[in-house]
Amino acid sequence: KKLIHSLATAGKEAKSLFVHYEGELPKGGVSPYSFFTKLPEESEEQGLFFDQVIIPKFYAIRHLDGGSAAIEFLQRRVGLIQGYRLVQTVEWFSKEDSKTIVKRDVYNLAGHHYASTYFNTKGPYQTDYYNLQGQVIVSEDLVHRGIQLNEPSKIHHFENVTQFFLYFMKVAEIQPS
């Protein structure tokens with residue numbers, strides 16, 4: 001961010017490309033994940049507060065401290081909301097163990113649920129990236145490093161993030177300079 005701000009101050013503005021997307025991009029920044037999911041670059045929305053997280057019926061949100069809240073069902077912790085004031089992640093625990101994460105939902109600064117990472121006993125194995133309608137657009141296999149892009153007309157498979165990024169540059173008509 002500081003480099004982009006310094007370059008803009010010096011009058012050297014250009015579109016900044018980012019390989020990954022983690023909920024926010026600087027003004028003018030784009031990544032293949034934000035491009036294909038069509039997430040807006042900027043939003044007037046304020047983000048998502050703890051009490052606005054969508055939870056199943058009969059579940060409750062209990063505030064823990066300034067940076068987290070528990071999701072409970074029948075007095076058992078089934079999830080954990082994290083983020084200072086605004087939600088950044090929601091971790092969902094296994095039915096057997098309230099400390100074993102099975103899914104992590106991730107929210108951007110505008111409060112949109114843009115990704116979910118799934119876990120097994122060995123750790124994270126897949127991340128899905130959603131559009132604003134909640135459809136899976138990009139699936140990333142975290143074990144084998146492959147990526148699947150679900151476009152309306154075709155499903156694309158990439159062996160790695162480099163192939164995915166090169167395809168993004170072609171589709172977005174971005175020429176390296």
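Follow the hydrophobic side-chain contacts under 4.5 Å out from I174 and you reach L149 in the same cluster. Two different hydrophobic clusters hold V90 and I101 under the rule that ILVMFWY side chains link at heavy-atom gaps under 4.5 Å. Using a 4.5 Å cut-off between side-chain heavy atoms of Ile, Leu, Val, Met, Phe, Trp and Tyr, with links allowed through other members, F119 and V106 fall into different hydrophobic clusters. Linking ILVMFWY side-chain heavy atoms closer than 4.5 Å, directly or via other members, places I54 and F93 in two distinct hydrophobic clusters. Both V161 and V30 are part of a single hydrophobic cluster, where members link through side-chain heavy atoms under 4.5 Å apart.
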Can you give the donor-acceptor pairs under 3.5 Å from side chains of residues 164-173 to other protein atoms, not counting sequence neighbours?
from: Y167; atom 1: OH; to: E151; atom 2: OE1; distance (Å): 3.0
from: Y167; atom 1: OH; to: H156; atom 2: NE2; distance (Å): 3.2

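Partners of E140 according to the salt bridge (charged side-chain N to carboxylate O under 4.0 Å, His left out) rule, which considers only residues two or more places apart in sequence or in another chain, do not exist here. With sequence neighbours excluded, the residues forming a side-chain hydrogen bond (donor to acceptor under 3.5 Å, both in side chains) with T100 are D97, listed by chain and number. Among residues two or more places apart in sequence or in another chain, the salt bridge (charged side-chain N to carboxylate O under 4.0 Å, His left out) test is passed with R62 by E72. Partners of D105 by salt bridge (charged side-chain N to carboxylate O under 4.0 Å, His left out), not counting sequence neighbours, listed by chain and number: K103. Listed by chain and residue number, nothing satisfies the side-chain hydrogen bond (donor to acceptor under 3.5 Å, both in side chains) test with T37 (two or more places apart in sequence, or in another chain).
Residues Q148 and I155 have side chains in contact (heavy-atom distance under 4.5 Å, counting atoms from C-beta outward). Within the 4.5 Å cutoff, side-chain heavy atoms of Y118 are placed close to those of D128. Side-chain contact check for L48 versus V53: some heavy-atom pair is nearer than 4.5 Å. Counting heavy atoms from C-beta outward, R104 and S116 have side chains that stay 4.5 Å or more apart. In this structure, the side chains of H112 and L132 come closer than 4.5 Å at one or more pairs of heavy atoms. I71 places none of its side-chain heavy atoms less than 4.5 Å from the side chain of L80.
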Report task. Show your reasoning for whether side chain to side chain contact (heavy atoms under 4.5 Å, CB included) applies to N131 and F36. Result -> CA-CA 8 Å; N131 63 13; F36 288 115; over 6 Å; no

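Distance check, rounded to the nearest 0.5 Å: CZ of F50 to CD1 of I55 gives 13.0 Å. To the nearest 0.5 Å, atoms CD1 (I137) and CZ (F35) are separated by 12.5 Å. Here the straight-line distance linking atom CD of E159 with atom CG of D141 works out to 12.0 Å at 0.5 Å rounding. Between the CD1 atom in I81 and the CZ atom in F49 there is a gap of 13.0 Å [rounded to 0.5 Å]. To the nearest 0.5 Å, atom OG1 of residue T127 and atom CD1 of residue I147 are 10.0 Å apart. Atom OG of S94 is separated from atom NZ of K99 by 11.5 Å, given to the nearest 0.5 angstrom.
The shortest non-hydrogen separation linking R77 to A70 is NE-CB, 3.6 Å. Of all the heavy atoms in H63 and A69, the pair that sits closest is CA-CB, 4.0 Å.
In summary, the aromatic rings of Y114 and Y130 are positioned with their centroids too far apart to meet the 6.0 Å limit.
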